[in-house]
Amino acid sequence: MNYYLLIPLVIIFLMFIPIHLEVRFGFNFQNFSGAVGIFLFKFKILHRLIWIKNKKIIARSENKVQTQEIEFNGKEVIFLETLTDQIKGKTKLRKMSVYYNFGLDDAFATCYFCGIINFFLTIFFAKIKSQTPTATLELNDTISYNRFILQTNFIMHISISLFDIVYSLLCSVILTRKKEKLKDKKLAKSQSNL
């Protein structure tokens with residue numbers, strides 16, 4: 001028996017085994033800053049600190065001084081939107097936790113708005129639970145009665161196969177280039193009409 005035939009079999013097997021990822025997103029609405037992280041089996045794959053200033057997203061890795069500015073209508077954002085659309089149907093949500101800290105420096109108004117936030121988050125969780133009944137959903141709220149604060153964190157545990165990741169990346173690159181070409185054609189057409 002030829003054991004070299006087992007190598008392609010193992011590679012094919014690894015391509016279709018689901019990978020468990022943890023996606024973390026935290027944001028502070030007071031100073032428009034936050035952090036994004038992606039972890040594979042508790043190992044950090046990506047971690048960026050982000051700020052939103054003047055219609056731009058400023059991203060910086062944790063231990064580097066170098067920053068990257070991304071415009072809201074830039075090709076990076078178009079690529080992320082396309083990648084999200086491609087991956088959305090291929091992932092399976094295992095667990096989602098929502099944490100938020102909310103305060104308006106007024107006890108009555110804080111309680112009132114926290115009730116409204118919890119109401120809408122419960123509707124959002126019910127919609128998710130109807131689509132993926134095996135997902136675990138958590139809501140943790142902290143109410144700050146005596147100060148003004150709005151912070152939120154999302155932690156999602158998802159599973160996706162390596163094949164779906166590679167396929168989604170390739171499709172996203174192709175679709176992003178097509179969208180950029182259409183955008184350039186529209187811009188050239190509008191400038192020629194002037």
With sequence neighbours left out, the residues meeting side chain to side chain donor-acceptor pair (under 3.5 Å) with Thr136 are none

Taking only residues two or more places apart in sequence, or in another chain, which ones meet Ser33 in a side chain to side chain donor-acceptor pair (under 3.5 Å)? Asn31

Connected-component partners of [X] among ILVMFWY, side-chain separation under 4.5 Å:
| X | value |
| --- | --- |
| Tyr167 | none |
| Leu170 | Val166 |
| Ile143 | Tyr145 |

Sequence-distant partners of Phe29, ring-ring contact (aromatic ring centres under 6.0 Å, His included), two or more places apart: Phe27

Name all residues meeting the salt bridge (charged side-chain N to carboxylate O under 4.0 Å, His left out) criterion together with [X]; count only those two or more places apart in sequence or in a different chain, and write none if there are none.
| X | answer |
| --- | --- |
| Lys129 | none |
| Lys178 | none |
| Arg177 | none |

Answer yes when Lys95 and Glu138 have at least one side-chain N-carboxylate O distance shorter than 4.0 Å, and no when they do not. yes

Hits for side-chain contact (heavy atoms from CB on, under 4.5 Å) against Asn101, two or more places apart or cross-chain, chain-then-number order -> Thr142, Ser144, Arg147, Ile149, Gln151

Contacts of type side-chain contact (heavy atoms from CB on, under 4.5 Å), residue Asp164, not counting sequence neighbours: Lys90, Ile160, Ser161

What side-chain hydrogen bond (donor to acceptor under 3.5 Å, both in side chains) pairs are there with at least one residue in residues 106-118, not counting sequence neighbours? Tyr100-Asn118, Asn118-Asp141

